[in-house]
Protein chains: 2
Amino acid sequence: MQSQGYERPMRADARRNRARIMDAARELFAAGGEVQIDEVARRAGVGVGTVYRHFPDKEALMGELVRARFRLFNENLAAALEREDRPFDALAEAMRANAASVAEDAATRFAFMSGGERVFAHAAVEMEEFMQLTTALVARAHASGELRSDFQAPDVPMVMCGVCATIDKGAAGWDWRRHLELVLSGMRR
Amino acid sequence: MQSQGYERPMRADARRNRARIMDAARELFAAGGEVQIDEVARRAGVGVGTVYRHFPDKEALMGELVRARFRLFNENLAAALEREDRPFDALAEAMRANAASVAEDAATRFAFMSGGERVFAHAAVEMEEFMQLTTALVARAHASGELRSDFQAPDVPMVMCGVCATIDKGAAGWDWRRHLELVLSGMRR
DNA sequence: ACCTGAACACCGTTCAAGT
DNA sequence: ACCTGAACACCGTTCAAGT
């Protein structure tokens, strides 16, 4: 159902509803606390059934929010690959941009932290692209000799997951920018 | 209700039930997936009402599991403070020990990741002690000149939270020991 | 082709009755 | 003083009826 490639375009009202549902979910997550489907439906101005017509279950809705965010991550990674100079800094900047992206999206944070594997399965294609772009950035940084030699491409999402946890918890005295800079300094050779 | 200091000792059967409930919860979390209170009660061999007699709600049960784990964290920190030589290594070893501790406790991980502030409020006293011990370890490491000068005591739980997220997710190609070593290398001056 | 919302299912929580 | 489990409440999900 998730507008996956080759199917016929949705009716205009359906497409509008779908967008409204995702916006409503994002807004409710941004407001903090628990988010119920009934609430999402009400804010989106649709019936619950419509939410379930577009998203088979709550995890699928979360998964779509995650997927949209991964597209933004990938834009940042692609932009970093454009840069020719200073490969390590390009990688670092992309990670800073992605962390900032997560910082303004409570829904994705919630999905990352509390969501099961099924949430991520929805964004499998985007995660694949994420890993390809990341692998290229890491390879270039290695070639330049600026990156710690045992650092691997999967370490990027791993440490980003850690920073994301810090952002989401937001405890007193915590600062995710410091956290990321600490990690980046550990990555530097 | 949480055997908080000055109240009269529990009846022997009540104390036994309380321990069984916590053990059951730990075991079920270790087995993975969702954990329901009914299930906890069944495995502990008590009625649901008994679970609610000992723990006002599910978060309180989670909070008690977190509290017990924080006591173990604090033992590790205290042991590190005993060491006279190499203050940075003492701090690093304590962090490794605590990460390993979290790695064998899925219940605490779940509470850390998904639990709200109320879960942590239960362990306020233990967290206070955690911060005092950590502050001492960080101060000593700073004095020895081995620790990055802008590193602060609250950064310890912050980065540990990140490593905990890595442990809990356990995605392919991730290795929380590598994650922690990367962070430690960022901490080293 | 899509929408609605009452009805159902599941699980957290309560409480009257029991020992 | 503590325990039990049926009953209740809440929220995710379904589906018959509507446009």
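Chain A is the first sequence line, chain B the second, and so forth, proteins listed ahead of strands; every chain is numbered from 1.
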For B:N17 and D:dC3, is the shortest distance between a side-chain N/O and OP1 or OP2 below 4.0 Å?
-> yes
Nearest-Å distance, CE (B:M10) to C1' (D:dA1)?
-> 12 Å
Atom-to-atom span, CZ of B:R18 to P of D:dA1 - whole angstrom = 18 Å
Do the rings of B:F130 and B:F73 sit parallel, tilted or perpendicular, given the 30° and 60° boundaries?
-> perpendicular
Value in whole Å for how far the P atom of D:dC2 lies from CG of B:D13 | 8 Å
Taking C-beta and beyond as the side chain, do A:H142 and A:Q152 meet within less than 4.5 Å on heavy atoms?
-> no
Counting heavy atoms not belonging to B:R177, are there more than 12 under 6.0 Å from its CZ?
-> no
Check: A:R26/A:T108 side-chain N/O donor and acceptor closer than 3.5 Å | no
When rounded to whole Å, the CZ to P distance for the pair A:R16 and C:dA1 reads 18 Å
Identify the two heavy atoms, one from A:D57 and one from A:R118, that lie closest to each other, and give their separation to 0.1 Å.
-> OD2-NH2, 3.0 Å
Atom CZ of B:R42 and atom C1' of D:dT4 are separated, to the nearest Å, by 15 Å
Whether each nucleotide of nucleotides 8-19 of chain D has a protein heavy atom under 4.0 Å at its base (B), only at its sugar-phosphate (S) or at neither (-) is summarised, 5' to 3', as ---SSBBB----
According to a strict under-4.0 Å criterion, is B:H54 in side-chain N/O contact with OP1 or OP2 of D:dC2?
-> no
Of A:R86, A:R189, A:R188, the residue whose pairing with A:E146 passes side-chain hydrogen bond (donor to acceptor under 3.5 Å, both in side chains) = A:R86
What pattern of brackets, bars and dots sums up DNA chain C from 5' to 3', given Watson-Crick or G-U wobble pairs under 3.5 Å, [ ] for crossing pairs and | for another strand?
-> ||.|||||...|||||.||
Please list, chain by chain and in numerical order, all residues satisfying salt bridge (Lys or Arg N to Asp or Glu O under 4.0 Å) with B:R140, sequence neighbours excluded.
-> none
Between B:T50 and B:V46, is there a donor-acceptor pair closer than 3.5 Å when you use the side chain of the first and the backbone of the second?
-> no
